[in-house]
Amino acid sequence: MALVKLYVRSPSAVIGLLLLLAVLAMAATAGWLYPKDPLALAGRPLVWPFSNPRFLLGTDNSGRDIAAQIFHGARISLLIGVVATVISIMIGITIGAFAGYYGGWVDTALMRVTEAFQTLPNFLLLLVLVAVFGSTITTVTVAIGIVSWPASARLTRAEFLSLRNREFVQAGRTLGLKDAKLIFGEILPNALPPVVVYASVVMAVAILLESALAFLKLSDPNVASWGNLIGAGRDVLRVQWYVSAIPGIAILVTVLAVSLVGQGLNDALNPRLKGR
Amino acid sequence: MRVLVLAGRRLAASIPTLVLILIGVFLLLQFAPGDTVDAMMAQMGGGDAATARELRRFYGLDLSVWAQLGNYLWRLVRFDLGFSAIYGKPVATVIAERLPATILLMTASLSLAFFFGLILGVVAARGVNRWPDTLISTLGLVFYAMPTFWFGLMAIVVFAIYLQWLPAGGFEDITIAHAGLSRVLDIAQHLVLPTLTLGLFYMAIYLRIMRGSMLEVLNLDFVRTARAKGMDETRVVVRHVLRNALLPMVTLIGLQAGTMLGGSVVVESVFSLPGLGRLAYESVVQRDLNTLLGIVFVSALLVIAVNFIVDLLYARLDPRITTGA
Amino acid sequence: MSPILVLDAVSVKLPKGADRSHAMTEVTLSVAANEILCVVGESGSGKSMTANAIMRLLPGGVEIDGGRILFEGRDLAGVSEAQMRRVRGAGIAMIFQEPMTALNPLRSIGDQIGEMFEIHTELSKAEIGARVLALLEEVRIPDPVIAAKAYPHELSGGQRQRAMIAMALALDPKLLIADEPTTALDVTTQAQILELIRDLQKRKGTAVLFITHDFGVVAEIADRVAVMSQGRVVEQGSVSAVLENPQHAYTRQLIAAVPPLKAPPPRALSAEPILSMAHVSKTYRTGGFLGRGQRVTHAVKDVSLVLPRGGTLGIVGESGSGKSTLARCLVRLIDPDSGEIRLNGRDLACLSREEMRAETRHIQMVFQDPFASLNPRRKAGELVAQGLIVHGTPRAQALARAGELFALVGLDPSATDRYPHEFSGGQRQRIGLARALALEPDVLVADEPVSALDVSVQAQVLKLLAELRQRLGLSIVFITHDLRVAAQVCDLVAVMKNGEVVEAGPIGEVFGNPQHAYTRALLASIPGRDFGLKREAATA
């Protein structure tokens with residue numbers, strides 16, 4: 001309750017939340033407002049926005065309704081964002097927790113792997129994964145999750161390193177608690193808040209990664225993704241720039257919303273940095 | 001001297017990381033549908049099974065996976081990255097041709113991001129919660145949330161198509177043969193939009209980190225000591241806060257070098273720059289796995305090189321590194 | 001003598017939502033040249049805020065809302081920020097509690113001292129360099145040339161504080177404000193720093209406003225004393241008047257809470273040992289590569305001690321003496337390299353992790369930090385019941401027992417479903433005690449259990465510990481750096497230095513007739529030693 005109070009104190013956090021709710025509403029109403037396949041031919045190609053009431057945002061170069069693609073695209077972006085974030089945070093927490101708690105050679109080995117993932121440009125690895133496993137929405141989502149865990153692993157590890165020698169953990173050990181209980185029952189709940197806040201960054205990046213992949217025509221071509229639409233609009237960029245512009249704004253708004261909510265959460269969890 | 005020894009030790013420690021990456025990606029690529037020979041056959045417009053078998057033997061592709069891996073690593077030790085069937089050239093040559101554009105783009109973007117990120121972060125932190133801070137932070141958030149490729153496209157629409165101030169793509173004007181200074185200027189002109197596109201995104205990240213770390217440092221005890229000496233605020237910031245606040249930002253550069261290189265794949269595609277990133281994209285599309293593996297190797301080397309420089313920089317900034325805390 | 005600084009009914013307002021409206025209420029004080037005024041009080045009394053208000057370095061949202069701060073006759077509350085900056089450092093200088101964080105870690109000591117001259121004078125670089133060396137010489141830093149080039153992390157705590165003092169005295173300020181300058185230091189270092197401050201103050205005739213929580217330090221250094229509580233000065237006067245004849249009830253209570261230095265008469269001890277350590281050692285190796293350039297630290301070196309059943313064994317020493325490492329070896333938070341730790345005859349040192357988990361029933365630990373030692377995300381009752389649950393007691397029964405334990409340690413049994421942050425420091429320490437006692441251990445290892453507490457709370461917790469020892473027949477290993485506290489609670493004492501026990505025996509003998517030079521130095525360093533002995537005579 002106190003957290004909600006702290007959260008709504010910041011206007012930017014509230015704006016972020018409203019934007020996020022708007023995107024969610026778009027995703028929720030997409031099937032109802034645009035029941036037809038958004039990728040099906042809907043009318044004349046390259047209708048400018050606001051010129052035809054049937055296509056509020058116009059049509060793209062293949063005559064598909066842009067508005068329908070934007071609404072359905074919200075589903076895809078959020079779905080990929082959330083699932084990839086969950087995958088990446090799970091991997092990150094597990095690896096970071098074990099590395100930070102056990103230290104020694106476990107830490108060295110796990111951190112070597114993390115380092116390897118950070119040394120290899122993540123988008124390049126994403127390309128390799130997609131090249132190897134194909135571009136279905138499932139593989140793309142999992143691949144994005146796999147390339148974006150290292151930072152959360154480092155963060156979790158840092159939290160564990162500082163918490164594992166805290167006296168309350170030592171107290172747990174002197175009471176006879178087992179390692180698993182100490183890790184998941186005592187340390188993790190205390191290590192979680194910064195990781196949860198960081199999840200918003202991961203989600204923003206995941207949405208951006210998928211759109212970039214789709215823009216390069218390497219994501220699933222059978223779903224209405226904003227990145228796909230931008231990529232399609234590129235061919236008519238000289239005159240009908242709106243085909244690329246509109247989905248870009250949708251991505252911008254979504255990522256902005258996620259970041260603002262994350263920042264709002266962060267400020268609410270660490271109120272001491274605010275207002276100084 | 002100690003600095004070099006320490007940074008050298010870190011450099012040595014990155015060799016296992018590099019080997020790990022190569023083994024991992026090599027094995028990963030074994031799962032790829034089709035191999036180099038398939039790609040070559042497709043390039044040649046098909047061929048019979050006997051030729052394919054012959055080619056596979058020639059390239060050592062008929063050996064076991066582990067033998068192939070061993071061969072590959074052994075060749076790497078001799079700086080032989082193999083042969084690109086698609087480009088008909090050694091992979092090393094292909095990559096060497098593409099490297100300059102990427103390095104130029106990276107250096108320019110990183111400098112832009114670091115310099116303006118630093119300045120804007122300081123300005124925002126000095127006026128925290130007042131209008132300069134709000135303006136800068138909002139701008140930062142917007143740049144951060146913008147997909148880079150989209151920003152690039154929109155920049156092309158505005159600056160290349162409507163205003164016609166800058167070229168829409170390419171590394172240099174190939175219709176006119178420039179030489180000397182005019183060539184440099186021509187390349188610079190071509191790189192303005194790509195640099196902005198890639199740089200502004202990272203500037204947004206750096207400015208946020210810088211602002212946060214400035215605010216953090218401003219609350220530390222030694223800042224109070226400095227004020228108790230009778231120092232004015234500007235001097236407090238310049239002499240005591242700035243250097244301390246820079247440390248997290250410098251760390252971040254090292255951590256993000258890889259991400260930035262990844263970002264150049266997209267930016268180079270948008271602006272048709274003949275760089276490493278675009279090569280990576282092309283080799284994925286054309287299934288040129290040898291080249292892809294070579295790019296992975298070279299990018300990892302680049303990232304390690306950036307981290308080496310970052311280590312040196314960090315050690316210069318923080319005496320605790322070299323004298324042991 | 002006319003005062004240098006006069007605080008005339010100064011009030012400082014706190015932002016809305018703080019626990020009280022004012023940090024300082026109508027505080028009236030004065031300090032004259034050549035005089036040390038000690039402002040003494042417990043945490044939250046407003047004593048540090050007084051220092052910040054004089055320097056006009058108040059945190060955001062906190063402001064002076066009444067009264068005058070007269071420095072050499074000029075009201076600092078009214079001057080411009082630019083004028084105030086000329087006063088800071090040159091007219092009034094300040095030293096702080098934690099010299100490590102008060103110095104910029106990235107700049108050399110000489111550089112930071114020299115800055116004083118750069119800000120306030122027109123001296124050339126060479127002159128500044130010479131002045132810096134002279135200052136470092138004056139504060140008796142061993143090698144001034146090296147120290148000037150060193151970075152803060154390369155100096156010891158005491159040397160850092162000397163550097164801070166050198167910096168503060170650079171421009172011969174009329175007034176020096178010292179905010180708990182020795183609290184973070186070991187007792188022998190503290191004695192040296194106190195002596196240095198007094199010595200420099202006498203020579204230069206500086207007025208000193210010395211803020212402290214420690215009456216021992218007051219007795220050692222003060223000419224006059226002001227006692228603060230809840231943002232008000234409740235009593236002030238000469239040091240002898242306040243210490244020997246306190247008028248205000250609060251002052252009396254504070255002074256009564258300071259443990260006297262003399263041990264109570266010895267108790268009869270059982271001959272049967274419950275815990276015995278034999279040749280316990282723990283060595284740390286850091287850094288180095290393949291065995292070269294390695295740094296070896298003997299944290300605990302060949303320690304042999306015996307705790308008789310029902311007795312209390314004190315382990316005293318300064319930071320880095322290995323006392324905490326030894327305590328952690330006893331409960332196997334740290335695995336000793338060699339030696340035996342026999343509890344009821346069973347050697348804990350050679351148990352497997354699994355066996356040790358079962359053995360924790362018999363030996364429990366109380367920690368130092370009342371904030372860090374309780375998981376903030378668990379309810380207090382759960383924290384106390386946790387041990388019982390782990391060792392097989394059904395949850396409901398364990399929680400009921402937690403209520404009983406709350407009553408045992410003097411807490412309200414209905415408070416078990418509150419979270420740790422809802423308790424005060426002293427109450428939290430009681431929760432920690434209840435948690436340790438829940439398993440009904442034979443031996444309690446208490447690691448600095450009262451060091452983080454204010455003196456009056458400290459007295460209450462020590463009293464509780466003594467009662468419980470009597471009632472439950474506990475045997476205690478009591479780790480502390482505070483010899484006064486040790487004198488009050490321990491039957492036996494072992495003095496540790498650099499990982500070794502230099503002297504051990506019954507407390508009365510060790511403190512009354514110390515054999516080892518280090519023990520003597522330690523005892524001689526206790527601030528206000530005469531005050532402690534005098535009080536003992538008065539109360540006896």
Side-chain angles (χ1 to χ4, degrees), chain B residues 1-3 5-6 8-13 125-130 133 213-251 313-325, chain C residues 51-52 54-60 81-109 111-121 149-154 163-164 167-168 170-171 173 176-177 179 286-287 289 293 295:
Chain B
M1 243 0 258
R2 286 271 328 247
V3 182
V5 170
L6 274 166
R9 197 175 289 171
R10 283 279 304 264
L11 206 57
R126 294 278 277 119
V128 66
N129 293 339
R130 290 202 301 268
D133 178 32
S213 110
M214 282 279 296
L215 291 179
E216 192 93 38
V217 175
L218 275 169
N219 277 324
L220 293 180
D221 282 356
F222 65 79
V223 175
R224 185 178 56 169
T225 309
R227 289 189 183 131
K229 286 178 180 174
M231 245 183 199
D232 59 72
E233 273 307 295
T234 312
R235 214 152 150 183
V236 169
V237 169
V238 172
R239 306 208 50 174
H240 287 276
V241 182
L242 211 52
R243 197 158 153 188
N244 282 281
L246 263 176
L247 296 178
M249 201 159 129
V250 171
T251 311
L313 195 64
Y314 199 104
R316 263 206 71 73
L317 283 175
D318 190 346
R320 285 168 294 190
I321 299 291
T322 39
T323 45
Chain C
N52 294 336
I54 297 167
M55 289 298 261
R56 292 232 330 240
L57 290 171
L58 293 165
E81 183 57 29
Q83 281 172 309
M84 192 61 218
R85 276 202 293 271
R86 278 198 286 278
V87 174
R88 287 184 202 134
I92 310 176
M94 197 164 172
I95 51 180
F96 302 94
Q97 174 170 351
E98 186 45 85
M100 184 69 214
T101 57
L103 288 163
N104 186 340
L106 305 187
R107 299 186 50 203
S108 70
I109 297 288
D111 203 13
Q112 296 188 54
I113 297 175
E115 223 168 34
M116 276 294 209
F117 298 107
E118 282 173 40
I119 299 166
H120 296 282
T121 68
K149 285 194 193 123
Y151 290 94
H153 71 268
E154 296 173 284
M164 278 299 288
M167 189 190 311
L171 300 167
L176 174 70
I177 300 178
D179 187 0
T286 46
F289 184 64
R295 222 174 334 186

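Labels below follow one simple rule: chain letters A, B, ... track the order of the sequence lines, proteins then strands, and each chain is numbered from 1. Atoms considered below: every heavy atom in the structure, side chains included; atoms not considered: hydrogens, waters and symmetry mates.
- With sequence neighbours excluded, the residues forming a side-chain contact (heavy atoms from CB on, under 4.5 Å) with B/Leu242 are B/Val122, B/Met210, B/Met214, listed by chain and number.
- Options B/Arg227, B/Arg243, B/Arg224 differ in how many heavy-atom pairs under 4.5 Å they form with chain C, and the most are formed by B/Arg224.
- The CZ atom of C/Arg107 sits 12.0 Å away from atom CD1 of C/Ile113, with the distance rounded to the nearest 0.5 Å.
- Neither the backbone nor the side chain of C/Met100 comes within contact range of chain B; no heavy atom of the residue lies under 4.5 Å from a heavy atom of that chain.
- Interface summary for chain C: among B/Asp232, B/Asp318, B/Val217, the most heavy-atom pairs under 4.5 angstrom belong to B/Asp232.
- Remark: side-chain polar atoms of C/Ser108 are not paired, donor with acceptor, to backbone N or O of C/Lys149 under 3.5 angstrom.
- Side-chain atoms of C/Arg88 come within 3.5 Å of backbone atoms of C/Arg56 as a donor-acceptor pair (strictly under, hydrogens ignored).
- The most heavy-atom pairs under 4.5 Å with chain B, out of C/Arg86, C/Met167, C/Met84, C/Glu81, come from C/Met167.
- For chain B, no part of C/Ala93 is nearby; none of its heavy atoms comes within less than 4.5 Å.
- Pairing each heavy atom of C/Phe96 with each of B/Ala228, the nearest pair is CZ-CB, 4.2 Å.
- Formation of a donor-acceptor pair under 3.5 Å by the C/Thr101 side chain with backbone atoms of B/Asp221 is not found in this model.
- Note that CE of B/Met231 and CE of C/Met116 are 9.5 Å apart. Values are rounded to the nearest 0.5 Å.
- In terms of non-hydrogen atom pairs under 4.5 Å with chain B, the most contact-rich of C/Met94, C/Met55, C/His120, C/Glu115 is C/Glu115.
- Contact of B/Leu317 with chain C is made through the backbone alone, with heavy-atom distances under 4.5 Å.
- Each of C/Ile119, C/Asn104, C/Val87 has some count of heavy-atom pairs under 4.5 Å with chain B, and the biggest count is that of C/Asn104.
- Proximity to chain B (any heavy atom under 4.5 Å) is shown, for C/Gln97, by neither the backbone nor the side chain.
- Residue-environment remark: CZ (B/Arg10) stays at or below the threshold of 12 foreign heavy atoms within 6.0 Å.
- Using a 4.5 Å cut-off between heavy atoms, C/Leu57 contacts chain B through its side chain alone, with no backbone atom that close.
- Looking at B/Arg235, the atoms closer than 4.5 Å to chain C (heavy atoms on both sides) all sit in the side chain, from C-beta outward.
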